[in-house]
Student: 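One structure, pasted below without further comment.
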Amino acid sequence: MDKPKFYITTSILYSNAKPHIGFALELLQADAIARWKRLQGHDVYFLTGTDEHGVKVYDKAIEQGKAPQTWVDEVAESVQTLIQRLNISNTDLIRTTDQKRHWPTAQRVWEKLVANGDIEMGHYSGYYCVNDEAYITKTEAESLEYANKKVIQLEEDNYMFKLGKYQDRLTKILEQPTFILPTHRVKEMLNFVNAGLTDISFSRPKEKLSWGVPVPGDDSQVMYVWPDALTNYISAIGYVDNPAKFKKYWPADVHVIGKDILRFHALFWPAMLTSIGEVLPKQILVHGHILSDGQKMSKSFGNVVDPVELIDRWGVDAVRYYLLREIPTLGDGDYSAIRFEEIYNSALANDLGNLVSRILMMAEKYCGDKVPASVSSVSLNPSWGVYQNHMDGLELDAALQSVLTMVSEGNKYIDTTKPWELVKTQPDAVGNDLYQMLESLRQISIMLYPFLPTTSDRIRRQLGLEPINPDAFDFVKETQWGGLLEGHQLGQSEILFPKQN
RNA sequence: CGCGGGGUAGAGCAGUGGUAGCUCGUCAGGCUCAUAACCUGAAGGUCGUGAGUUCGAAUCUCACCCCCGCAACCA
């Protein structure tokens with residue numbers, strides 16, 4: 001019995017700096033979706049990676065007195081650290097400097113594009129800053145940053161990709177209803193397309209850009225970012241060296257990206273795939289940017305937030321909760337230390353943590369640490385429908401919120417049923433009420449798994465249950481009411497989220 | 001100039017024609033199983049501005065103001 005496959009990717013981190021909180025957000029969104037799909041019985045392939053070529057990466061290495069390869073190795077290492085600290089369940093990590101795994105695909109795609117007449121030698125004309133030795137945009141050239149630097153307009157021979165040729169087809173692709181989330185971004189792209197697409201540079205002269213994938217058949221040119229970076233999504237799954245694997249996983253079910261690189265994923269990438277005769281990814285999930293106390297995060301403002309430091313301070317699941325719940329899945333969000341503490345204390349410590357704590361303490365006191373009998377029908381019903389709709393619609397923030405709503409209902413249920421009074425008058429009824437509470441915690445532990453896997457495990461341990469094994473999870477069975485059996489031995493209770501001041 | 005998004009209680013947001021909602025925070029009360037947690041209740045908004053359509057508009061139309069993003073080769 002083959003499981004249905006699910007292929008999800010993040011963008012690849014541009015290696016001119018160590019990973020930032022925005023990349024953490026992207027990893028987490030993809031991780032929550034990947035974990036959810038595994039619970040539902042999918043064979044999930046979850047790819048992330050690093051984009052390690054380009055002038056800026058090269059310059060950054062030189063600036064630090066390091067060989068480019070040494071520098072990108074360090075960045076890749078720090079991505080690995082972030083992945084581990086965030087508890088990301090990726091199955092693979094691709095690096096664009098990987099000459100065995102990645103280069104053959106980038107070059108094969110290039111050759112196909114050439115064979116189809118979609119890449120031809122042409123002229124690039126644009127702005128170039130001599131001081132920075134960097135290509136810049138028109139907007140940048142006119143900005144203050146370059147006012148005192150020497151900016152020239154240059155023309156050079158580049159291989160150009162005939163994007164303009166795909167204008168009509170791209171319009172049709174963009175009009176597919178769920179191709180891009182949120183949908184308003186489709187309009188942005190359509191406007192852009194309708195304004196007319198020009199061809200784009202796919203290579204640079206080697207003397208300007210040496211750190212990159214060589215263009216097949218032309219020693220004087222090196223691939224520019226698009227044909228190099230975008231092809232990571234297929235090189236990792238064996239486009240060249242493992243056709244069976246490629247056939248199994250392509251097309252991607254979801255590309256998770258930031259709004260800053262939508263154009264490349266919504267236009268360049270589909271055009272390239274169309275040209276080489278491959279089907280298109282099914283969906284692009286576009287998240288926003290994280291602001292820091294309402295301001296753009298930037299090194300010059302000194303308000304950059306390091307995700308690893310946050311984990312050190314608050315613990316991994318608190319960071320996961322903040323980024324997945326407080327940052328709107330499809331929009332910009334704000335990071336604020338004050339807000340973080342509020343959220344931690346109210347949602348995690350007071351609502352969720354305290355709920356678990358009070359239920360387990362009562363079970364210990366009133367039921368001898370064993371699951372009591374359930375004598376009535378369900379009276380604390382988990383709303384799987386709401387949760388599942390949000391999950392399937394990739395509304396992660398709303399899905400997580402719905403779990404917290406259940407937590408809140410649990411707290412109300414306790415206050416309404418007052419076990420501490422009932423135990424004096426109707427001990428049987430107490431057992432039944434506690435069954436409702438314990439079983440509802442079991443259900444919550446499942447709902448929490450995609451978002452807060454460690455917390456899910458810890459709740460289950462307290463219930464005397466095994467951690468969730470996503471690859472052998474019977475979704476229908478496990479989400480049915482009544483999984484906890486009478487007489488089952490509960491585990492040791494513990495504080496999930498100590499209150500912080 | 002243009003295109004897109006947005007302006008709703010102290011903060012963050014939901015709400016697309018019919019008596020303004022949610023979360024956090026604040027204040028008061030209740031409870032004591034619990035991490036001084038939890039539950040209940042209250043205060044707090046002329047829904048950016050002006051005009052129009054309508055029996056009735058946060059919700060539709062028009063004009064205007066403000067914020068953010070995009071505006072072609074920056075990941």
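Hydrogens, waters and symmetry mates play no part in the numbers below; they use all other heavy atoms, side chains included. Lettering follows sequence order; numbering is per chain, from 1.
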Student: Can you identify which nucleotide, out of B:rA72, B:rU35, B:rC39, has its nearest atom closest to the A:Lys412 side chain?
Tutor: B:rC39

Student: Between B:rA71 atom P and A:Asp260 atom CG, what is the distance in whole Å?
Tutor: 11 Å

Student: Quick one: stems involving RNA chain B, counted as three or more successive Watson-Crick or G-U pairs, both distances short of 3.5 Å.
Tutor: B:2-7 with B:65-70, B:10-13 with B:21-24, B:26-30 with B:38-42, B:48-52 with B:60-64

Student: Against the six-membered ring of A:Phe192, is A:Arg263 placed for a cation-pi contact (under 6.0 Å from the centre, within 45° of the normal)?
Tutor: yes

Student: May I ask you to say what A:Leu496 touches in the nucleic acid, namely base, sugar-phosphate or nothing, with a heavy-atom cut-off under 4.0 Å?
Tutor: base

Student: Verify the distance criterion only: is there a donor paired with an acceptor across the side chains of A:Ser125 and A:Gln153 at less than 3.5 Å?
Tutor: no

Student: Starting the side chain at C-beta, find the nucleotide from B:rA37, B:rG69, B:rC33 nearest to A:Asp415.
Tutor: B:rC33

Student: Measuring only the P atom in each nucleotide, how far is B:rC64 from B:rC3? A whole number of Å is fine.
Tutor: 12 Å

Student: Would you confirm whether the ring centroid of A:Trp226 sits within less than 6.0 angstrom of the ring centroid of A:Phe264?
Tutor: yes

Student: Give A:Ser357 one of three labels, base, sugar-phosphate or nothing, depending on what nucleic acid heavy atoms sit under 4.0 Å from its own.
Tutor: base

Student: For A:Leu355, which contact category applies under a 4.0 Å heavy-atom criterion: base, sugar-phosphate, or nothing?
Tutor: nothing

Student: Side chains of A:Asp118 and A:Ser275: any donor to acceptor distance under 3.5 Å?
Tutor: yes

Student: Given the ring of A:Tyr159, does A:Arg204 sit roughly above its face, with NZ or CZ under 6.0 Å from the centre of the six-membered ring and within 45° of the axis?
Tutor: no

Student: Between B:rA11 and B:rU19, how far apart are the P atoms? Round to whole Å, please.
Tutor: 27 Å

Student: Any luck finding a side-chain donor-acceptor pair between A:Asn90 and A:Thr48 under 3.5 Å?
Tutor: no

Student: Between B:rC31 atom P and A:Met362 atom CE, what is the distance in whole Å?
Tutor: 17 Å

Student: Which of the following nucleotides, B:rC24, B:rC70, B:rA34, is nearest to the side chain of A:Arg263?
Tutor: B:rC70

Student: Taking atom C1' in both B:rU53 and B:rA14, compute the distance separating them and give it to the nearest angstrom.
Tutor: 27 Å

Student: Tell me whether the guanidinium CZ or amine NZ of A:Lys18 lies under 6.0 angstrom from the six-membered ring centre of A:Phe23 and within 45° of its axis.
Tutor: no

Student: With P as the reference atom in both, quote the distance from B:rA42 to B:rC24 in angstrom, rounded to an integer.
Tutor: 16 Å

Student: Counting distance alone, no hydrogens or angles: does the base of B:rA34 have a donor or acceptor under 3.5 Å from a partner atom on the side chain of A:Asn354?
Tutor: yes

Student: By the 4.0 Å heavy-atom rule, please label A:Asn345 as base, sugar-phosphate, or nothing.
Tutor: nothing

Student: How is A:Ala195 classified with respect to the nucleic acid when contacts are heavy atoms under 4.0 Å: base, sugar-phosphate, or nothing?
Tutor: base

Student: What is the distance from CH2 of A:Trp420 to C1' of B:rA34, rounded to the nearest Å?
Tutor: 9 Å

Student: Might you confirm whether atom CD1 of A:Ile338 has over 12 heavy atoms from other residues, nucleotides or ligands at distances under 6.0 Å?
Tutor: no

Student: Assign each of A:Ile359 and A:Phe202 to its nearest nucleotide of RNA chain B by heavy atoms, then name whichever residue's nucleotide is nearer the 5' end.
Tutor: A:Ile359

Student: Within the pair A:Tyr224 and B:rA75, is there a side-chain N or O less than 4.0 Å away from OP1 or OP2?
Tutor: yes

Student: Select one nucleotide: of B:rA75, B:rA34, B:rG5, the one nearest the side-chain heavy atoms of A:His184.
Tutor: B:rG5

Student: Picking from B:rC73, B:rC38, B:rG5, which would you name as closest to the side chain of A:Trp226?
Tutor: B:rC73

Student: Do the ring centers of A:Phe340 and A:Tyr322 come within less than 6.0 Å of each other?
Tutor: yes

Student: How far, in whole Å, is B:rA75 from B:rG4 if one measures between their P atoms?
Tutor: 28 Å

Student: For A:Lys418, which contact category applies under a 4.0 Å heavy-atom criterion: base, sugar-phosphate, or nothing?
Tutor: nothing

Student: Base, sugar-phosphate, or nothing: which does A:Tyr366 touch, judged by heavy atoms less than 4.0 Å apart?
Tutor: sugar-phosphate

Student: What is the nucleic acid contact for A:Gly126, judged by heavy atoms within less than 4.0 Å: base, sugar-phosphate only, or nothing?
Tutor: nothing

Student: Looking only at side-chain N and O atoms, does A:Asn191 come under 4.0 Å of OP1 or OP2 in B:rG2?
Tutor: no

Student: Specify the separation, in whole Å, of atom CD1 of A:Ile414 and atom P of B:rG30.
Tutor: 21 Å

Student: Which nucleotide sits closest to the side chain of A:Phe264: B:rC74, B:rG4, B:rG25?
Tutor: B:rC74

Student: Applying a 4.0 Å non-hydrogen cut-off, can you work out what A:Arg339 is touching in the nucleic acid: base, sugar-phosphate, or nothing?
Tutor: sugar-phosphate

Student: Rounded to the nearest angstrom, tell me the gap between atom CG in A:Leu25 and atom P in B:rA75.
Tutor: 21 Å

Student: Rounding to an integer number of angstrom, what distance separates B:rG7 and B:rU35 when you compare their P atoms?
Tutor: 42 Å

Student: CD of A:Glu188 versus P of B:rG2: gap in Å, rounded?
Tutor: 17 Å

Student: Roughly, in whole Å, what's the span from CE in A:Met361 to C1' in B:rC31?
Tutor: 17 Å

Student: Sticking with atom P, work out how far B:rU8 lies from B:rU59, rounded to a whole angstrom.
Tutor: 14 Å

Student: Between B:rC38 and B:rG50, how far is it from one P atom to the other, in whole Å?
Tutor: 41 Å

Student: Quickly work out the A:Leu404 CG to B:rC38 C1' distance and round it to whole Å.
Tutor: 15 Å

Student: Does A:Leu438 reach the side chain of A:Pro372, with side-chain heavy atoms less than 4.5 Å apart?
Tutor: yes

Student: Using heavy atoms to find the nearest nucleotide of RNA chain B for A:Gly353 and A:Tyr124 separately, return the residue whose nucleotide is more 5′.
Tutor: A:Gly353

Student: Reckon A:Lys499 touches a base, only the sugar-phosphate, or nothing at all at heavy-atom distances under 4.0 Å?
Tutor: base

